[in-house]
Each structure stands twice: as structure tokens, then as C-alpha cells.
Amino acid sequence: DVKVTQSSRYLVKRTGEKVFLECVQDMDHENMFWYRQDPGLGLRLIYFSYDVKMKEKGDIPEGYSVSREKKERFSLILESASTNQTSMYLCASSLPAAYGSNQPQHFGDGTRLSIL
Amino acid sequence: SQQGEEDPQALSIQEGENATMNCSYKTSINNLQWYRQNSGRGLVHLILIRSNEREKHSGRLRVTLDTSKKSSSLLITASRAADTASYFCATLGHGSGNTGKLIFGQGTTLQVKP
């Protein structure tokens, strides 16, 4: 089974801190994704990556950056954390559509981040 | 932007009853997927239906797709307390290329009472 591991289940940080959220997958997937999930807003895509060192903005990239130096690892960075970034963050991975367009995404268990 | 919209937002039923959730979307799609999320956990893929399919089954799950109405439904038969979770539809649009970028709805929260 695919395993997507997020480094922390719960994280508390202070306003202005630089925050790193790490995600590792063990299935050699090309695609990796970062979402945030908020009540009433569903899942919103922050950034995704379809290859090492490649990244594309999602729907809400402001205040975030990402890093993909190795295929298995995709990091989300909050450059200067703010209280409105308190949320549940979910990482996912998938094979690319080149393997057939019907590739599901596999999710980690999420990181619940609180910015005080 | 959120393309999929689930209906109802919340559903409460007794164990053994069937649960039906609906999803509407706005643009043409390559496929539509349903995911489940248990409280405090990540999403788990349940079933995928291609745009040229009308119905698909997997165990107690039945998914239908009506591309003319841009809608899908997920039916869970003979529900169990363990089915209590949030359910999300997600669409892969035409032109998503190799990115596999999905657009998720806001979800239906299902409670199955024992």
C-alpha cells in the first residue's frame, strides 16, 4: 500500500515564525500536492509538484512556498506564519496521468497547525 | 475554485439504512472520484468513475454519473456505524494534463447511528 507520511500530526507555532511541513511518500509517485482544509471551505490546493524541482501554484499559494529536492519529499513552507494560516494541512501523492488518467490521490493523515 | 458541490451537507441515518450523497460540478471532466475522510484523518480513495461510464459498483458502494446534468451520486447500502465519515467528490478536468490536479467539493458529513 502507498504510504504518505506527514512529519507532525499537531504543530503549534507563533506569528512570524518560518514553519516547515514535511511530507514523504514511498511509492515513487511523480505528483505531490499540498492542500489546506478549513470548515465550510473544503480542500483548497496550495501548491503541487509533478517532478523533482518542479512546482506550480494552486488556488491559494499566497504566504506559502514549497520545495521538492527529492522525488519522495515535498515540503510546504510558511515564510512568516500568520493566524489565518491556522488550519489542517494535507499532503497527497499520485502517479501522473501518463500512466493512465485515472490515478487516485493518496493522502497523509494531515498536520493540524495552530498559529498563535 | 471549488467545482464539486455535495448535497446534502450533512446526513444522519440509522444503521442498516442506505445513504445517498450527490455531487454537482461545473465543467467537463475526465473522471470523477469519491473519497472518505474519517475524523482527524486524511482522505481515502473509494471509487473512480470515468466520464464515459454511467454506473460503477464496489462492494456496498454504487456510484452513478450523469454528464448531461454534470452530477454524480454515491450510494452506500446497508450502512454501518463505521461508515460515519465525511465524503468528498473530486473531479479531474479535461486539460489537467499530467498533473492529476483534482478539484474537491466541500463534502457531505454522514453519521450512521447504531
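All of these numbers come straight from a predicted model, not from anything done at the bench. Within every chain, numbering begins at 1; the chains are lettered A, B, ... in the order of the sequence lines, protein sequences first and strands thereafter.
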Review point. Chain B: which of A/Met54, A/Met88, A/Gln37 shares the most heavy-atom pairs with it under 4.5 Å?
Key: A/Gln37
Check your understanding: Any link between B/Val63 and B/Ile76 through a network of hydrophobic side chains (Ile, Leu, Val, Met, Phe, Trp, Tyr) touching at under 4.5 Å?
Key -> yes
Check your understanding: Quick check: does any side chain N or O of B/Tyr35 sit under 3.5 Å from a backbone N or O of A/Gln105, one acting as donor and the other as acceptor?
Key -> yes
Exercise for review: Answer yes if A/Leu90 and A/Tyr50 sit in the same cluster of Ile, Leu, Val, Met, Phe, Trp and Tyr residues linked by side chain heavy atoms under 4.5 Å apart, and no otherwise.
Suggested key: yes
Check your understanding: Stepwise, does the side chain to side chain contact (heavy atoms under 4.5 Å, CB included) test hold for B/Val44 with A/Phe107?
Key -> CA-CA 7 Å; B/Val44 175; A/Phe107 283 80; over 6 Å; no
**Study point:** Connected via hydrophobic side-chain network under 4.5 Å: A/Phe33 and B/Phe88
**Key:** yes
Check your understanding: So do A/Leu43 and B/Leu43 actually touch side chain to side chain, heavy atoms under 4.5 Å?
Key -> yes
Check your understanding: When clusters are formed by joining ILVMFWY residues with side-chain heavy atoms under 4.5 Å apart, either directly or through shared neighbours, do A/Val66 and A/Tyr89 land in the same one?
Key -> yes
Review point. Going hydrophobic residue to hydrophobic residue with side-chain gaps under 4.5 angstrom, can you get from A/Phe48 over to A/Tyr64?
Key: no
**Study point:** Stepwise side chain to side chain contact (heavy atoms under 4.5 Å, CB included) check, B/Ile103 with A/Asp59
**Key:** CA-CA 10 Å; B/Ile103 300 176; A/Asp59 299 318; 5.8 Å; no
Check your understanding: Would you say B/Arg41 and A/Arg9 make side-chain contact, with heavy atoms under 4.5 Å?
Key -> yes
**Study point:** Hydrophobic cluster (4.5 angstrom, side-chain heavy atoms) - remaining members for A/Phe20
**Key:** A/Ile77
Exercise for review: Can you tell which part of A/Gln6 gets under 4.5 Å to a heavy atom of chain B, answering side chain, backbone, both or neither?
Suggested key: neither
Practice item. Supply the atom-to-atom distance B/Gln37 CD to A/Asp109 CG, rounded to the nearest 0.5 angstrom. Key: 9.5 Å
